[in-house]
Amino acid sequence: MPVPRSPARPPSSADVADALEEVSRLMELLGENPFKARAYDRGAHAVRHLGDAFAAHVEAHTLASVEGLGKSLVAAIDEFTRTGQLTLLTQLRRQVPPGVMELASVPGLGPRKARQVCAELSISTLGELEYAARENRLLHLKGFGEKTQLRILSALQARRAVSGRCRLDRADAAVALAAAALGSGWPATAVGQVRRRAELCSHVELLCAARDVDAVVVRAAAVLPAARVDGPGAVEFEAAPGVRGTLHVVLPEDAAAAQVFLTGSSAHVDALQAREPAWQLTAHGARRAAERVTFTDETAVYAALGLPWIPPELREDGDAVELARTGRLPRLVELGDLRGALHNHTTLSDGRDTARAMQQAATRMGLEYLGISDHSQSAFYARGLKAEALRAQRDELHSAMRDGGARLWHGVESDILQDGALDYPPEVLRELDFVVASVHSRYQATAQQLTDRLIRAVRNPYTDVLGHPTGRLLLSREGAAFDVAAVLAAAREAGCAMELNAQPQRLDLCVEHLRMCKRLGLKVCINADAHSTAELETLALGVSQARRAGLGRDDVLNTLDHAELQAWLRARRAGATGHTLP
DNA sequence: GCCGTTTTCGGCCCGACTGTTTTCAGTCG
């Protein structure tokens, strides 16, 4: 989507990258030379990667020295930065009916088929596409058949089921934007699903405490997107496309009780309410009969109910209240407990930053160690490493560590092949510090086949961590349908850890499966799966999901310090060399 | 369109799968 921009601000690298990316997608859709389309896409990547250095390149006219930017792209970028327009993009947009870009995003409908349904059936919206599929009109198109039509139909149904929700990282961004729009004079913080750290949010809610409630409401109604006043002290707005947002404004003395009520969930609030039926917790504060009850902060609210403070991540249902009452509230893992992270990528495969840059970023974050695990040889699409390249990487990591800082572990993200084997022979795997094994392809199999494949993978003595186990992509792909309990049990027996992949679109394993790990005593490894230095920050999202599942420090593998993790890995490797491979 | 050169053209990460076709195009990762 084109990013709206104020003319006063010069385009950022992200603005330029978005424009070039759109050019690429439109070219694909129009059936232009695929290599030309790819050149624009690569150019977009190159520009995005420049980040803050982009402005300096523009200033110094040195963009042509950036790999992937030739004469034409430099000229296009020049035009865009000077005028805020891109003639090429405008022309391409004119040739593609609105909505067709969206058609091409439906799984099973690539650029060719999207163009085909548009040209032959005059379809340009998802609604029209679904209607045509229901009427069996797609069947008559060349290259379409019963199964393609069915696949499109179910993809559209799945999409409708998730509409109106957004990922947690986007909800966080919406909270930050709304808070910034209000200004620092009226600080607003997240409540509701966002504060409970729900992986998907259908409602983005903020709370602001202010002496002059009406003034905040007036300001919010003026500055928040698509805002309208919705009752006393409440402003509704559009937090993200199709996602409802609400700003609640209360007097400072009512803020603590309102924060508890608005953070919810309703089941949690009901359980609290049951402990003191004479009280009434509301979005505007607490009342006893007609009398207002005030508190200094949330801890005081819980204390008045005879309870310790309950972390928001545990408020998804009413169960935590009983745990709190009986003193059995778990001590949850915290971001600061993580001593490092395994599973991260570098420029050698599909990452954006070098091992050295990743190491420096990890050092700045206070991590003791960082695992580097680029893709394995079968992952062509991600420029997976042949055995020789993998061996050469070891030297690169050693030299990156010369100046101190976070210790680098040398690993690999090995594809799990169709039969459950790893992607390198034992003599290659044995030289690595650790192995993350992940499925990246051929998800379409029977549940039994997938289960067998994953069980074989976790039983491989070189598999230390099973990466993004279900392969789900939030709002776009369901997790693979296999017997999770059986795979977790096999992993427990083999002593292999499960990944909690912290990428906001994955958050895989999910909370329910993480709870199963805890019950089994199976270690969970919280990994950023970072493809850039910035993505290391996603570890915080992973920690929030571990907390929702009630995981403590001891449940998480990478809370071990360097020496402890080394011992854990060595013990596994010792077991590995003592076994024959399955 | 970019890049590298066997330097002004030719190749561009590519293999597997699926569903359609009846030998292969399109999609995906």
Side-chain angles (χ1 to χ4, degrees), chain A residues 19-21 23-47 63-79 86 88-89 92 103-120 133 138-155 345 347-351 374-386 389 413-419 423 438-446 449-450 453 467-468 471-473 476-478 480 503 505-506 529 531:
Chain A
L20 296 179
E21 228 166 64
V23 167
S24 169
R25 285 210 300 274
L26 288 166
M27 282 179 168
E28 264 189 341
L29 218 49
L30 289 165
E32 293 207 17
N33 178 355
F35 297 109
K36 192 169 160 183
R38 192 180 298 167
Y40 275 89
D41 192 52
R42 284 180 47 203
H45 271 95
V47 169
L63 277 173
S65 67
V66 177
E67 194 177 330
L69 300 183
K71 220 189 212 169
S72 301
L73 267 83
V74 169
I77 295 168
D78 181 55
E79 184 199 350
L86 193 50
L88 174 63
L89 180 57
L92 289 169
L103 291 182
S105 70
V106 175
L109 208 59
R112 295 279 171 124
K113 287 195 158 115
R115 223 165 38 196
Q116 198 182 352
V117 294
C118 179
E120 294 178 31
L138 302 185
L139 289 180
H140 310 306
L141 300 177
K142 185 173 166 57
F144 284 66
E146 190 90 44
K147 293 199 174 171
T148 306
Q149 180 171 267
L150 203 62
R151 180 151 185 236
I152 289 169
L153 209 46
S154 54
H345 298 269
T347 45
L348 218 50
S349 64
D350 59 351
D374 276 307
H375 286 281
S376 64
Q377 53 193 353
S378 287
F380 298 105
Y381 57 88
R383 307 198 307 148
L385 274 55
K386 301 271 182 221
E413 182 181 16
S414 170
D415 263 42
I416 296 172
L417 306 180
Q418 189 156 24
D419 63 356
D423 202 10
S438 311
V439 170
H440 287 111
S441 56
R442 291 181 281 274
Y443 282 101
Q444 276 120 346
T446 67
Q449 284 167 332
L450 278 170
R453 182 178 174 196
H468 45 72
R472 75 169 176 173
L473 294 175
S476 65
R477 183 172 75 199
E478 292 286 320
Q503 287 282 314
Q505 72 274 22
R506 290 193 185 272
D529 190 2
H531 288 69

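Here is the naming used below: chain letters follow the sequence lines, and residue numbers restart at 1 for every chain. Every heavy atom of this structure was used, including side-chain atoms; hydrogens, water molecules and symmetry mates were not.
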B:dG26 phosphate, OP1 or OP2: any side-chain N/O from A:K113 under 4.0 angstrom? no
Nearest whole Å is fine: how far is B:dG26 P from A:Q149 CD? 19 Å
Is it true that A:S376 and A:D423 share a donor-acceptor pair across their side chains at a distance under 3.5 Å? yes
Span that lies between the P atom of B:dA16 and that of B:dT21, in whole angstrom: 24 Å
A:Q116 CD - B:dT20 C1' separation (whole Å): 12 Å
Separation of B:dG19 atom C1' from A:R112 atom CZ, nearest Å, is 17 Å
Counting only side-chain N and O atoms of A:S378, is one of them less than 4.0 Å from OP1 or OP2 of B:dG15? no
Looking for any heavy atom pair under 4.0 Å, which part of the strands does A:G43 touch: base, sugar-phosphate only, or nothing? nothing
Between B:dG15 and B:dT22, how far is it from one C1' atom to the other, in whole Å? 23 Å
Nearest nucleotide by nearest heavy atom, which residue falls closer to the 5' end of DNA chain B, A:G110 or A:V66? A:V66
Rounded to whole angstroms, how far apart are CD on A:E28 and P on B:dC28? 10 Å
Rounded to the Å, how far apart are A:F35 CZ and B:dG10 P? 14 Å
Identify the heavy atoms of A:E32 and A:L92 that sit nearest to each other, and give their distance. OE2-CD2, 3.8 Å
It should be established whether A:Q377 places a side-chain nitrogen or oxygen under 4.0 Å from OP1 or OP2 of nucleotide B:dC13. no
Could you work out the separation of B:dC2 and B:dT7 based on their C1' atoms and round it to a whole Å? 14 Å
P-based separation of B:dG4 from B:dC13 [nearest Å]: 13 Å
Both A:L139 and A:N33 contact DNA chain B. Which one's nearest nucleotide lies toward the 5' end? A:N33
Taking atom P in both B:dC12 and B:dT18, compute the distance separating them and give it to the nearest angstrom. 27 Å
Audit row: A:L63, A:V47, side chain to side chain contact (heavy atoms under 4.5 Å, CB included) steps and yes/no: CA-CA 9 Å; A:L63 277 173; A:V47 169; 5.6 Å; no
Angle class for the A:H375/A:H345 ring planes (parallel below 30°, perpendicular above 60°, tilted otherwise)? parallel
Start with the C-alpha distance between A:D374 and A:E413, add both sets of side-chain angles, then the distance that settles side chain to side chain contact (heavy atoms under 4.5 Å, CB included), and finish with yes or no. CA-CA 6 Å; A:D374 276 307; A:E413 182 181 16; over 6 Å; no
If the C1' atom of B:dT23 is compared with that of B:dG29, how far apart are they to the nearest Å? 25 Å
For B:dC12 and A:R38 - does any side-chain N or O of the residue sit under 4.0 Å from the phosphate oxygens OP1/OP2? no
Length of the line joining A:D415:CG and B:dC28:P, which is rounded to integer Å: 18 Å
Remember a base hit wins even if backbone is also touched, and classify A:P107 as base, sugar-phosphate or nothing at under 4.0 Å, heavy atoms. sugar-phosphate
Considering only the C1' atoms, how many Å lie between B:dT27 and B:dT20, rounded to the nearest integer? 13 Å
One pair to check against side chain to side chain contact (heavy atoms under 4.5 Å, CB included): A:E28 and A:R115. What are the steps and the verdict? CA-CA 10 Å; A:E28 264 189 341; A:R115 223 165 38 196; over 6 Å; no
Gap in Å between the two C1' atoms, one belonging to B:dT5 and one to B:dG10, rounded: 10 Å
Does B:dC2 have OP1 or OP2 sitting under 4.0 Å from an N or O in the side chain of A:S72? yes
Base-pairing assignment for B:dT8 (Watson-Crick or G-U wobble, both under 3.5 Å): none
To the nearest Å, give me how far apart CG (A:L29) and P (B:dT27) are. 10 Å
A:L450 CG to B:dC17 P: how many Å, rounded? 13 Å
A:H440, nearest nucleotide to its side chain (from B:dG29, B:dC17, B:dT20): B:dG29
Before you tell me yes or no, could you show the steps for A:M27 and A:L88 under side chain to side chain contact (heavy atoms under 4.5 Å, CB included), namely the whole-Å CA-CA distance, both residues' side-chain angles and the distance that decides it to 0.1 Å? CA-CA 10 Å; A:M27 282 179 168; A:L88 174 63; 4.2 Å; yes
